[in-house]
Amino acid sequence: MRMASLHPATRCSGRLAREEGIFAGISSGATLAGALQLARRVPPGTNILCMLPDTGERYLSTQLFADIEADMDEAELEISRSTPLCRFEAPPPAAAAAAAAREQPVVMFALEWCEFCWSVRKLFAQLGIEYRSIDLDSVAYQEGDRGGKIRVVLREQTGSPTIPQIFIGGRHVGGCTDAFDAFKSGALQALLREAGVAFNERPGLDPYSLLPQWLHPRKRA
């Protein structure tokens with residue numbers, strides 16, 4: 001079936017995917033088709049709001065996307081390579097990672113109901129530290145097992161399978177007890193100062209007092 005012979009709504013959905021990179025369904029195509037018809041009648045310079053109400057997943061196996069290959073061709077790959085933050089075959093450049101670290105220097109990969117994560121949250125609250133918590137078991141990271149995939153990458157990069165994992169200024173601190181030990185030694189405070197993060201000194205605070213009370217004290221050599 002040729003694209004020109006398709007219904008205008010279906011044809012617009014295909015063009016959105018092929019020409020604009022917008023993965024939309026037939027309802028969205030109909031919305032755009034109506035907006036285009038309206039644009040032919042209204043005065044030049046008129047603003048038309050067109051909201052695309054659905055995505056195209058359910059139509060992947062239909063004629064709608066039959067002429068769009070699943071894999072990128074060489075021309076599409078070349079476009080990807082020309083845009084540093086949109087490259088599929090390489091990680092983001094160091095400059096982009098550094099910029100993200102400056103924007104939010106303290107990042108914790110956590111679980112919503114992990115008591116060790118909450119112990120670190122308590123420490124950050126005591127110190128008045130602003131941080132970003134990436135909760136890998138939250139609804140936002142469930143689709144496509146994003147949280148699980150991030151955990152695999154974290155384990156590969158840090159060598160540790162446990163959660164939480166904390167980064168300050170792009171530098172890996174470690175897990176809960178690693179952060180507590182770093183606080184007691186002053187290393188955590190030094191990293192915070194280096195990253196320009198404001199915090200309360202809280203001299204005399206024992207971070208291990210923030211652990212769940214059911215834990216037995218660890219004997220240290």
Side-chain angles (χ1 to χ4, degrees), residues 57 70-71 80 84-202 205-221:
E57 289 91 342
D71 296 326
S80 170
L85 294 181
C86 297
R87 294 183 63 177
F88 292 94
E89 83 286 4
R102 288 193 299 271
E103 183 178 343
Q104 182 51 268
V106 182
V107 177
M108 177 170 69
F109 292 88
L111 299 174
E112 287 187 323
W113 299 105
C114 168
E115 293 185 88
F116 293 96
C117 297
W118 278 102
S119 298
V120 177
R121 298 184 205 275
K122 291 177 185 177
L123 175 64
F124 287 168
Q126 293 264 0
L127 301 180
I129 295 174
E130 293 186 4
Y131 66 100
R132 179 186 178 191
S133 180
I134 301 176
D135 299 328
L136 301 176
D137 59 341
S138 64
V139 173
Y141 288 89
Q142 289 176 7
E143 184 175 355
D145 192 29
R146 289 177 61 206
K149 293 173 182 176
I150 292 174
R151 290 193 71 167
V152 171
V153 175
L154 274 176
R155 183 166 61 247
E156 292 174 350
Q157 291 189 351
T158 67
S160 175
T162 62
I163 297 292
Q165 291 298 323
I166 302 153
F167 294 80
I168 297 178
R171 296 173 62 178
H172 181 229
V173 175
C176 176
T177 56
D178 295 318
F180 287 179
D181 289 342
F183 175 79
K184 295 187 74 171
S185 71
L188 185 74
Q189 295 90 320
L191 281 174
L192 291 169
R193 293 189 189 96
E194 183 179 335
V197 178
F199 65 96
N200 305 323
E201 294 287 347
R202 293 304 305 271
L205 172 64
D206 179 10
Y208 281 92
S209 67
L210 305 175
L211 285 171
Q213 296 303 304
W214 54 263
L215 287 178
H216 296 290
R218 294 186 178 183
K219 293 183 180 180
R220 298 180 177 273

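Within the 4.5 Å cutoff, side-chain heavy atoms of F116 are placed close to those of L211. Contact check for D178 versus I166: no side-chain heavy atoms found under the 4.5 Å cut-off. A heavy-atom distance below 4.5 Å is found between the side chains of L136 and L154. Using a 4.5 Å cut-off on side-chain heavy atoms (C-beta onward), Y131 and V197 make no contact. Within the 4.5 Å cutoff, side-chain heavy atoms of F167 are placed close to those of F109.
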Determine, step by step, whether Q126 and R202 satisfy the side-chain hydrogen bond (donor to acceptor under 3.5 Å, both in side chains) criterion, reporting the C-alpha distance in whole Å, the side-chain angles of both residues, the deciding distance to 0.1 Å, and the verdict. CA-CA 8 Å; Q126 293 264 0; R202 293 304 305 271; 2.3 Å; yes

R193 vs E201, salt bridge (Lys or Arg N to Asp or Glu O under 4.0 Å): CA-CA, chis, key distance, verdict: CA-CA 11 Å; R193 293 189 189 96; E201 294 287 347; 3.1 Å; yes

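Taken to the nearest 0.5 Å, the CG atom of L127 stands 14.0 Å off from the NZ atom of K122. Here the straight-line distance linking atom CD of Q189 with atom CG of L191 works out to 9.5 Å at 0.5 Å rounding. The CE atom of M108 sits 7.0 Å away from atom CG of D135, with the distance rounded to the nearest 0.5 Å. Annotation: the span from E112 atom CD to W118 atom CH2 amounts to 8.5 Å, rounded to 0.5 Å.
Residues forming a side-chain hydrogen bond (donor to acceptor under 3.5 Å, both in side chains) with E194 (at least two apart in sequence, or on another chain): R171.
In this structure, the side chain of D145 engages the main chain of G148 through a donor-acceptor pair within 3.5 Å. With hydrogens and angles disregarded, a donor-acceptor distance shorter than 3.5 Å links the side chain of D206 to the backbone of Y208. Here the side chain of K149 pairs a donor or acceptor atom with the backbone of G144 at under 3.5 angstrom.
For the pair S185 and A182, the tightest heavy-atom approach, listed with the atom from each and the gap, is OG-O, 3.1 Å. Closest heavy-atom contact between L210 and S119: O-OG, 3.1 Å. Contact record, C117 with L111: SG-N, 3.4 Å, taken as the closest heavy-atom pair.
The environment of CD in Q142 is crowded: more than 12 heavy-atom neighbours from other residues, nucleotides or ligands sit within 6.0 Å. Residue-environment remark: CD (E143) stays at or below the threshold of 12 foreign heavy atoms within 6.0 Å.
Residue pairs meeting the side-chain hydrogen bond (donor to acceptor under 3.5 Å, both in side chains) criterion with at least one member in residues 150-165, sequence neighbours excluded, are S160-T162, S160-Q165, T162-Q165, Q165-H172.
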